[in-house]
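Take a look at the structure below.
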Amino acid sequence: MGKGSGAPEPEASPAPTGPGFDPDPARAPRTAAAAGELARAVVAGPDLWGAGFVARTPALSPPGYWPVLDAKCVWRSGALPSGVLYSLTAHSELPAGPGRGPLRVAATVTVHRDVRRAEWEMAETLEEALRCPDQKLRDGERVRGLMSIGSAFGTGGNFTAEDSIGEIGRYVSEESGDQPYEYGWFQSRLGQVTVAAVTKGAEGHTDDEINTARAEALTGMMHRLEGRLEAAA
């Protein structure tokens, strides 16, 4: 019916405020052992990055590894925070070929003791790019002009995580003669767990190609995480 008919207007459906995810508290990891099992099951290996990707050597970070961005904007190895049950990084690459350099990528899963600590990690990650737009990753590798943006669910194209972060900059390395390529770090949170995918651009790889691989890895990890933590139907 049209306006003025006297019939009540239909109520609009409320907009979703978070992912369609129903966590089962009994499946949430509470020990380092359970968190480690979850991280290993979720972290993206070559299979999630796409065709042609292989594991690097070493493929996995050592137990207890935790990177820290120091006051000079240099990444160093630090101690695992007490609020983190387990963190794991898997390293993969698309090997070099005719006209292209090696496309190196990594995925990280961090399991916190509770949601509040996971939220703090997201906030601290966002602050790091603001504090250090230029960062030294390791000897011979740097990121310049890093920009960061956070997106709650339903904003900035985020429809899979309770909140997410995207960081984009320019990656330079001695190996590539300091030629700048796109660097991307994207991180999402679901409950007490954060997952991240990082890409270091290289010769012969388009930004679209790199962004697609990163999105596939991140989405794949989120699907795995939901499957491990969601309540049974």
**Report entry** Check against side-chain contact (heavy atoms from CB on, under 4.5 Å), Leu146 and Trp185
**Finding:** CA-CA 10 Å; Leu146 196 62; Trp185 171 285; over 6 Å; no

Requested in this report: For Glu93 and Val105, run side-chain contact (heavy atoms from CB on, under 4.5 Å): C-alpha distance rounded to whole Å, both residues' side-chain angles, the deciding distance at 0.1 Å, then the answer.
Outcome: CA-CA 6 Å; Glu93 73 174 8; Val105 301; 5.9 Å; no

Report task. Report the C-alpha distance between Leu103 and Phe53 in whole Å, list the side-chain angles of each, state the deciding distance to 0.1 Å, and finish with yes or no for side-chain contact (heavy atoms from CB on, under 4.5 Å). Result -> CA-CA 9 Å; Leu103 178 58; Phe53 279 89; 3.9 Å; yes

Requested in this report: Please step through side-chain contact (heavy atoms from CB on, under 4.5 Å) for the pair Thr89 and Trp66, ending with a clear verdict.
Outcome: CA-CA 10 Å; Thr89 297; Trp66 185 258; over 6 Å; no

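A donor-acceptor pair is defined here as one N or O able to donate and one able to accept, closer than 3.5 Å; such a pair exists between the side chain of Gln192 and the backbone of Pro29. Arg100 places no side-chain N or O within donor-acceptor distance of the main-chain N or O of Pro102, the cut-off being under 3.5 Å. Between the side chain of Arg104 and the backbone N or O of His91 there is no donor-acceptor pair closer than 3.5 Å. Side-chain N or O atoms of Arg144 include none that pairs as donor or acceptor with a backbone N or O of Pro180 at under 3.5 Å. Using modelled atom types, no side-chain atom of Arg117 and backbone atom of Val84 make a donor-acceptor pair closer than 3.5 Å.
Val195 has its side chain out of reach of Arg224: every pair of non-hydrogen atoms, C-beta onward, lies at least 4.5 Å apart. The closest side-chain heavy-atom distance from Asp134 to Cys73 is not below 4.5 Å. The shortest distance between side-chain heavy atoms of Leu225 and Leu38 falls below 4.5 Å.
Closest of all the heavy-atom pairs between Ala196 and Gln187 is CB-OE1, 3.8 Å. Across all non-hydrogen atoms, the minimal contact from Val68 to Gly78 is CG2-CA, 3.8 Å. Annotation for Val43 and Ala107: closest pair CG2-O, 3.5 Å, computed over non-hydrogen atoms. Shortest non-hydrogen contact noted between Pro95 and Gly52 is CD-O, 3.4 Å. Shortest non-hydrogen contact noted between Ala118 and Gly191 is CB-O, 3.6 Å. Heavy-atom minimum distance, Gly184 versus Ile168: CA-CD1, 3.9 Å.
Checked options Arg142, Glu141, Glu182; the residue passing with Tyr171 is Glu141 (criterion: side-chain hydrogen bond (donor to acceptor under 3.5 Å, both in side chains)).
Within 6.0 Å of the CD atom in Glu127, the count of heavy atoms belonging to other residues, nucleotides or ligands exceeds 12.
To the nearest 0.5 Å, atoms NZ (Lys200) and OH (Tyr181) are separated by 15.0 Å. Distance check: Arg76 CZ to Leu69 CG gives 10.0 Å after rounding to the nearest 0.5 Å. Annotation: the span from Thr125 atom OG1 to Glu167 atom CD amounts to 7.0 Å, rounded to 0.5 Å. Atom OH of Tyr86 sits about 11.0 Å away from atom OG1 of Thr110, to the nearest 0.5 Å. Rounded to the nearest 0.5 angstrom, Glu121 CD and Ile165 CD1 are separated by 8.0 Å. Taking CD of Glu216 as the reference point, atom CG of Asn211 lies at 12.0 Å (rounded to 0.5 Å).
No hydrogens or angles considered: nothing links the side chains of Ser188 and Ser164 as a donor-acceptor pair under 3.5 Å.
Hydrophobic clustering (side-chain heavy atoms under 4.5 Å, transitive across Ile, Leu, Val, Met, Phe, Trp, Tyr) keeps Leu60 apart from Val198. Both Leu218 and Val193 belong to a common hydrophobic cluster when Ile, Leu, Val, Met, Phe, Trp and Tyr are linked at side-chain heavy-atom distances under 4.5 angstrom. Taking hydrophobic clusters as Ile, Leu, Val, Met, Phe, Trp and Tyr residues chained together by side-chain heavy-atom distances below 4.5 Å, Trp49 does not share a cluster with Phe186. Residue Leu88 is not grouped with residue Tyr65 when hydrophobic side chains (ILVMFWY) are merged at heavy-atom distances under 4.5 angstrom, including chains of intermediate members. In the hydrophobic clustering of this structure, Val42 groups with Leu85; members are Ile, Leu, Val, Met, Phe, Trp, Tyr whose side-chain heavy atoms approach within less than 4.5 Å, directly or through other members.
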